[in-house]
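Inspection log for the structure reproduced underneath, given as structure tokens.
Every value quoted in this text rests on a predicted model; they were computed, and no experiment measured them. Just follow the structure's listing: the first ligand is 1, and inside any ligand the first atom is 1.
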Amino acid sequence: MHETAKIWMNGELVDWADARIHVGAHALHYGSGVFEGIRCYGTAAGPAVFRLQDHLERLENSAKVLYIDLPYSSAELRAATHELIAANGIASCYVRPMAFYGYGELAVGTLGNPVDVVIMSFPWGAYLGEEGQRSGISTKISSWERIGPNVIPHAAKATGVYLNSLLATTEARRSGYDEAIMLSADGYVADGPGENIFVVKNGVLRTPPLSMSILPGITRDTIIHIAGDLGYKVEEALMIRTDLYLADEVFMVGTATEVAPVRAVDDREIGVGPVTRELQKA
Ligand code: PPE
């Protein structure tokens, strides 16, 4: 992890090394946190945070699902994000806000626990590697199914959800693949452990509907809009694994990933196609 100077913690900028929590913190024991991943880009007009308001709205929604009362308004968190990025002086960075149940009572029930809020900003390169970004990644359908809407609702970007992702990514990497693709309990294509997914077939883009209990990705939404502007038809559609094997193109999207071509699924070569390249560039 690339350390920067400051972390915003419960209303104050503290030194990176001093942003500590107690080992008794609720979130450490029970995964009771919600978070965001946001990118800031250096532009001629200065640092520009991509769709910050949308990310903060999603954080509020995540908190609502987990009964977390956010002690800061989204306007306050927006100002805090700007203050932090300026203090760290690195325009091209990843921003990670997180709200979690802190140190109080050690029991699954959350009553009596304070809510801590932190924001980090630090440089983060290509999530699936520079080479993956260029030449495409190899993927494997995970043997782990994606958590369903009545297990942990993925409308909440909750830390605990990522144990499901961790199992899938780790299994895929240990088997020699770059990333996993996750299916729902019914066998429909859901998403990647940290990415949404798109399939291109005969010039039409398809992506699983939000009712697949996938994260409502902000990059996914951006791609739907950009692809539409470029003249492509985009559909939300239920897909099964052979839709991936027989696709013209497959790509994964997310804040950390941006747009990553999927060159193979379960050892079926798909290659990297022109629509993915065009969207990556746009
Ligand atoms: N699905 C999942 C499961 C997911 O984690 C992400 C983001 C997305 C879709 C894409 O959402 P959006 O960023 O709004 O376009 N994953 C974050 C990285 C997770 C990690 O820490 O690893 C991210 O891209 O920031």
Which protein N or O atoms sit under 3.5 Å from any N or O of ligand 1? Give each pair with its distance.
{"unit_1": "ligand 1", "atom_1": "5 (O)", "unit_2": "Lys157", "atom_2": "NZ", "d": "3.3"}
{"unit_1": "ligand 1", "atom_1": "5 (O)", "unit_2": "Tyr162", "atom_2": "OH", "d": "2.4"}
{"unit_1": "ligand 1", "atom_1": "13 (O)", "unit_2": "Thr255", "atom_2": "N", "d": "3.0"}
{"unit_1": "ligand 1", "atom_1": "13 (O)", "unit_2": "Thr255", "atom_2": "OG1", "d": "2.5"}
{"unit_1": "ligand 1", "atom_1": "14 (O)", "unit_2": "Arg58", "atom_2": "NH1", "d": "2.8"}
{"unit_1": "ligand 1", "atom_1": "14 (O)", "unit_2": "Arg58", "atom_2": "NH2", "d": "3.1"}
{"unit_1": "ligand 1", "atom_1": "14 (O)", "unit_2": "Ile218", "atom_2": "N", "d": "2.8"}
{"unit_1": "ligand 1", "atom_1": "15 (O)", "unit_2": "Ile218", "atom_2": "N", "d": "3.4"}
{"unit_1": "ligand 1", "atom_1": "15 (O)", "unit_2": "Thr219", "atom_2": "N", "d": "2.9"}
{"unit_1": "ligand 1", "atom_1": "15 (O)", "unit_2": "Thr219", "atom_2": "OG1", "d": "2.5"}
{"unit_1": "ligand 1", "atom_1": "16 (N)", "unit_2": "Lys157", "atom_2": "NZ", "d": "3.4"}
{"unit_1": "ligand 1", "atom_1": "16 (N)", "unit_2": "Gly194", "atom_2": "O", "d": "3.2"}
{"unit_1": "ligand 1", "atom_1": "21 (O)", "unit_2": "Arg96", "atom_2": "NH2", "d": "2.9"}
{"unit_1": "ligand 1", "atom_1": "22 (O)", "unit_2": "Tyr127", "atom_2": "OH", "d": "2.5"}
{"unit_1": "ligand 1", "atom_1": "24 (O)", "unit_2": "Thr255", "atom_2": "N", "d": "3.2"}
{"unit_1": "ligand 1", "atom_1": "24 (O)", "unit_2": "Ala256", "atom_2": "N", "d": "2.8"}
{"unit_1": "ligand 1", "atom_1": "25 (O)", "unit_2": "Tyr94", "atom_2": "OH", "d": "2.4"}

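- Partner of Glu36 under the salt bridge (charged side-chain N to carboxylate O under 4.0 Å, His left out) criterion, out of Arg58, Lys157, Arg96: Arg58 alone.
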Derivation and outcome, salt bridge (Lys or Arg N to Asp or Glu O under 4.0 Å), residues Arg173 and Asp178: CA-CA 6 Å; Arg173 301 249 163 100; Asp178 296 316; over 6 Å; no
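- Taking the six-membered ring where the residue is Trp, Tyr103 and His22 present tilted rings, their angle falling between 30° and 60°.
- With hydrogens and angles disregarded, no donor-acceptor distance shorter than 3.5 Å links the side chain of Thr207 to the backbone of Phe198.
- Counted within 6.0 Å of CD on Glu105, heavy atoms from surrounding residues, nucleotides or ligands total 12 or fewer; the atom is thus considered open.
- Using modelled atom types, one side-chain atom of Gln133 and one backbone atom of Thr257 make a donor-acceptor pair closer than 3.5 Å.
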